[in-house]
Amino acid sequence: MSDERVAVGIDELWPEDTGEDEGVVVDWFEREGASVEAGDLLCVFQVVKVNVDVESPVAGVLDEIVKEEDDVITREDTLAWIEPA
Amino acid sequence: MAEAEAEMGGEPGGRERTMSRAIVEAIATEMREDEEVFVMGEDVADYEGIFDTTTGLVEEFGYDRIMDVPISETSFIGAGVGAAQQGMRPIVELMFADFFGVAMDQIYNQMAKNTYMSGGSVSVPMVLLTAVGATYNDAAQHSQTLYGTFAHLPGMKIVSPSTAYDAKGLMHNAIRDDDPVVFMFHKRLMGLGWMPAPDGPKTPVPEEPYTIPFGSADVKREGDDVTVVTLGLHVHRAVDAAETLTEEGIETEVLDLRSLVPLDTDAILESVRKTGRLVVVDEDYRSFGLSGEIVARAAEEMLDDLEAVQRVALPDVPIPYSRPLEDEVIPSTEDIAEAVRATR
């Protein structure tokens with residue numbers, strides 16, 4: 001059920017000291033369909049020159065990547081959805 | 001859940017890593033297993049390496065084992081040599097290979113020769129980690145590869161990966177080696193946010209440690225018609241050129257050297273024995289370097305098998321800052337394809 005999926009959000013990770021409201025997804029380290037543990041590195045995004053690691057919030061399957069590499073993002077965006085184990 | 005996973009195809013390819021992450025993973029693993037392993041260099045701690053070679057390490061290991069140093073290559077590379085001789089396993093970052101000049105005595109007379117000069121009473125298990133390569137308009141003093149300069153000097157092993165998988169395995173091997181290893185990573189391949197890598201260097205990388213032996217070239221692509229020998233960034237350009245050439249009916253074998261010292265001469269000879277045609281692609285200067293060395297080894301061992309030879313290398317000029325001028329001198333995919341055609 002899609003409403004059970006867990007969003008991979010970045011609002012709390014957004015670097016506060018940049019004053020910038022746009023960033024870019026730099027790299028994905030897992031592909032759709034991959035099994036992940038809570039805390040596994042999923043991807044990294046960049047705001048100005050600051051790199052931020054995004055870890056999986058729960059164990060499960062990386063069901064959908066919403067924001068691909070090179071996509072421009074804001075802090076409200078959901079980068080991906082995890083289907084919990 | 002198992003059903004859901006099966007539906008999605010389970011683990012397609014597994015976890016991937018950029019080259020920088022793969023290098024960091026190897027360093028962190030070795031540091032956890034051996035407290036004698038430490039990192040020192042300019043901006044390796046708080047800044048986490050200007051090319052992301054130490055991301056997250058100071059947080060885990062602290063400032064005693066991830067040490068920022070003043071801008072004095074002679075002093076901190078010399079300190080690394082001393083620490084290594086006392087039994088530690090330093091990883092010392094020379095921010096750009098271009099800066100070797102200010103510390104060359106420490107590198108080639110001390111690090112490389114102290115085992116010999118001491119009659120084997122000390123060894124120098126040190127990794128000199130350094131950034132090489134052009135393609136991002138950083139001008140003549142920040143863009144060189146200098147493969148030939150380092151590989152020319154005896155006493156140190158020289159490696160340069162083209163993929164994340166190789167980078168991790170080579171780094172594990174470099175740290176465990178009891179002799180000095182110069183680990184030259186190409187900036188363009190690291191997967192930096194501000195310097196996007198081409199497709200290719202980001203690969204699946206197993207979580208567990210593994211080693212890749214030095215002196216073992218990798219056949220990236222098999223072909224019967226022409227052999228291309230290269231390393232680093234130009235492995236990817238050579239593979240791209242080979243794809244184009246397939247459409248013209250030319251099957252190109254691409255050999256990634258992965259290490260220059262020791263050099264996998266056998267792999268080069270084996271391939272050239274099959275194809276008879278050798279193209280060496282080097283991002284370093286053309287004269288007195290890698291391309292001449294590879295061609296000479298082939299000529300010494302199998303002159304009768306050689307039908308044609310081409311070199312694609314940087315002309316003997318300072319690398320220009322200007323983008324169109326830099327693009328002109330750095331070997332391109334089309335330059336490689338043209339050289340392969342010229343052997344036919």
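Please read these numbers as outputs of a predicted model, since none were measured by experiment. Proteins come first, then strands; the chains are lettered A, B, ... in the order of their sequence lines, and each starts at number 1.
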Next item on the list: Under 4.5 Å heavy-atom distance to chain B, tell me which part of Asp27(A) shows up: side chain, backbone, both or neither.
Entry: both

Margin query: Rounded to the nearest 0.5 Å, what separates atom OH in Tyr165(B) from atom OG1 in Thr203(B)?
Written below: 9.0 Å

Notebook entry, point to check: Atom CG of Leu41(A) and atom CD of Glu16(B): how far apart are they, to the nearest 0.5 Å?
Noted result: 12.0 Å

Check: Between Val44(A) and chain B, which part of the residue has a heavy atom less than 4.5 Å away: side chain, backbone, both or neither?
Finding: side chain

Note to self: Can you tell me how the ring of Phe45(A) sits relative to the ring of Trp14(A), calling it parallel under 30°, perpendicular over 60° and tilted otherwise?
What the structure shows: parallel

Check: chain B heavy atoms under 4.5 Å from Asp53(A): which part of the residue, side chain, backbone, both or neither?
Finding: side chain

Next item on the list: Find out whether the Lys NZ or Arg CZ of Arg17(B) is both under 6.0 angstrom from the six-membered ring centre of Phe29(A) and within 45° of the ring's axis.
Entry: yes

